[in-house]
Amino acid sequence: MTKPLIGVLGASGAVGRAAVRELRALGHAGLRLGGRTPSALCAVAEEDPTGHDETVWADATAPDGLRGFTEGCDIVLNCVGPTYRLRATVALAALAAGAHCVDVAGDDPAAEDLLKGSDPVRDGRTVVLSAGALPGLSSLLPRWLAGQGMDEAGELTAYCGGLESCSPTVAHDLMLSLTSGGADGAAYGEALAAIRGGRRVSRALRVDEDTVHAAFPGRVAVQPYLSGESERLATVLGLDRLDWYNVHPGPAVRALLNLLPGRLAAGEDPAELARRLILAADLDLAGRKPYYAMEFALSGTASGKPAAAGLTLRAASSYRLTAAVGALAVDAVLRGGVPTGVHFACDVLDPDTVVRHLRTHGVADLRLTGTAADAEQVEEGVL
């Protein structure tokens, strides 16, 4: 039986290279590696112990720059950006070639383009968006936590962030997210907003520029931020209250982030600002060990009694977390575990499978504190 052909676009980038390794770990071989730099792609292909990977030039920003890459693929894993500029470009090219598509980002803008244009259901194809760390894993982990014996969830507090290098794609997407990335042309999320009484409330929380938190070493800045994904999570879990914080351990990056809205409004070159953001991340990282962390505290009821549980994830890189979720989404589609149509990864991936993969493949350490099934007993340990 012929194995499906998986195309990885952006295979030589920070996420793409890690995604190739994750796919190989899941048993997928003979990958098609796509990108704009042949020498970098060849270096990734040389890591394949079977020697069956192939490299194909591809450029999502060029007319017909994806045709040769997508032709013959059964599924395409998109690891390139900027996300909010490309929108559904890669997914549409994959569908035109008769392939499924998984995008580690994409988010609401890509979903809107796809739902307005092509009809994957009619063609029997599947598109999975937001199959990354945040968004993606950031919603899968709270869903997993809620499933650990809790009958009804009521309140969730989340902290996500880390200290690591900043890729050009991340830098450009971060700036684009200030004015796009959400539904209907809105920004990706709203700073200071939170869920109260099951609905969004503006300016419900405040920024703390200098604080400490157990999951993050040293002093950090925490910024309340409510995204579209977080709002959907609140609806799915039936949350009455949700507080979501982005954590910024690096002072140089945080200082520049505070200036970005004003600088962009004044007409400064986004490419130059992206360069400065990359340099700021390198400055913050100098002499320190990179990491990425997520912490969730959930309360509700179990067997009619108050219950609470917490989950802390710590990884060496958010890029590898994104790669793992993307690879798991590809695997799920190929195994027939995702229905046709356009989906967000958090809605169709199995949280148990994701958590098990992160643990058994050494992607991240996960620590569960408290048990919803027995609110009076606190258990600690690495999952």
Side-chain angles (χ1 to χ4, degrees), residues 132-146 148 153-164 166 170 174 177 188-196 200-201 203-234 237 239-251 253-254 257-258 281 284 288-300 308-319 321-322 325 346 351 354-355 358 363-370 378 380 382-383:
L134 192 162
L137 189 60
S138 47
S139 187
L140 283 162
L141 291 180
R143 295 182 195 215
W144 180 87
L145 187 60
Q148 304 309 297
E155 298 184 2
L156 174 68
T157 302
Y159 292 87
C160 299
L163 188 70
E164 56 186 356
C166 178
V170 168
L174 193 150
S177 71
Y188 176 69
E190 181 182 352
L192 308 184
I195 297 295
R196 296 290 183 270
R200 176 194 291 239
V201 175
R203 306 190 69 81
L205 299 170
R206 303 176 69 178
V207 174
D208 192 336
E209 295 287 357
D210 185 23
T211 187
V212 293
H213 191 284
F216 302 86
R219 304 196 71 83
V220 298
V222 295
Q223 179 187 36
Y225 196 83
L226 186 65
S227 67
E229 182 199 42
S230 300
E231 284 194 273
R232 290 191 292 269
L233 174 66
L237 295 184
L239 297 175
D240 179 73
R241 181 186 181 102
L242 170 62
D243 294 348
W244 195 286
Y245 296 92
N246 289 340
V247 181
H248 303 285
V253 167
R254 181 59 185 159
L257 290 178
N258 284 337
D284 286 334
R288 301 176 67 182
K289 187 176 181 180
Y291 73 90
Y292 190 82
M294 295 179 171
E295 183 184 79
F296 304 96
L298 182 67
S299 63
L311 178 66
T312 302
L313 172 148
R314 189 175 180 89
S317 164
S318 68
Y319 299 118
L321 289 173
T322 290
V325 177
C346 60
V354 174
V355 167
L358 296 180
V363 180
D365 291 328
L366 295 100
R367 184 172 294 271
L368 177 68
T369 51
V378 177
E380 294 187 359
V382 176
L383 293 173

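Predicted model, so just to flag it, every value in this text is computed and none were measured. Note that these values count all heavy atoms, side chains included, but never hydrogens, waters or copies made by symmetry.
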Any side-chain heavy atom of [X] within less than 4.5 Å of one from [Y]?
X      : Y      : value
His213 : Thr211 : no
Leu242 : Ser230 : yes
Leu321 : Leu313 : yes
Pro224 : Val207 : yes
Leu134 : Tyr292 : yes
Ser318 : Glu164 : yes
Val247 : Glu295 : no
Leu163 : Val253 : no

Arg288: side chain to side chain donor-acceptor pair (under 3.5 Å) partners, not counting sequence neighbours: none
Just how far is it from atom [atom1] of [X] to atom [atom2] of [Y], taken to the nearest 0.5 Å?
X      : Y      : atom1 : atom2 : answer
Leu298 : Leu311 : CG    : CG    : 10.0 Å
Arg200 : Leu226 : CZ    : CG    : 5.0 Å
Arg219 : Asp210 : CZ    : CG    : 4.0 Å
Ser299 : Leu239 : OG    : CG    : 9.0 Å
Leu145 : Leu140 : CG    : CG    : 12.5 Å
Leu358 : Trp144 : CG    : CH2   : 11.0 Å

So which atom in [X] and which in [Y] form the shortest heavy-atom distance, rounded to 0.1 Å?
X      : Y      : result
Ala158 : Trp244 : CB-CE3, 3.5 Å
Ala193 : Leu205 : O-CD1, 4.3 Å
Cys160 : Phe296 : SG-CZ, 4.3 Å
Leu233 : Ser139 : CD1-OG, 3.5 Å
Phe216 : Ala293 : CE2-CB, 3.7 Å
Ala234 : Ile195 : CB-CG1, 4.1 Å

Should Arg314 and Asp365 count as an ion pair when the cut-off is N to O under 4.0 Å? no
What residue pairs, at least two apart or across chains, pass salt bridge (charged side-chain N to carboxylate O under 4.0 Å, His left out) with a residue in residues 134-145? Arg143-Asp347
Parallel, tilted or perpendicular: which one describes the rings of Tyr188 and Tyr225, with boundaries at 30° and 60°? parallel
Residues, nucleotides or ligands: over 12 heavy atoms within 6.0 Å of Arg196 CZ: yes
Could you go through the side chain to side chain contact (heavy atoms under 4.5 Å, CB included) check for Tyr245 and Asp208 one step at a time? CA-CA 10 Å; Tyr245 296 92; Asp208 192 336; over 6 Å; no
Is a donor on one side and an acceptor on the other found under 3.5 Å between the side chain of Glu229 and the backbone of Gly136?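 Yes, the answer is positive, given that a donor and an acceptor are paired below the 3.5 Å cut-off.
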Applying salt bridge (Lys or Arg N to Asp or Glu O under 4.0 Å) to Arg241 and Asp243, what does each step give before you reach the verdict? CA-CA 7 Å; Arg241 181 186 181 102; Asp243 294 348; 3.8 Å; yes
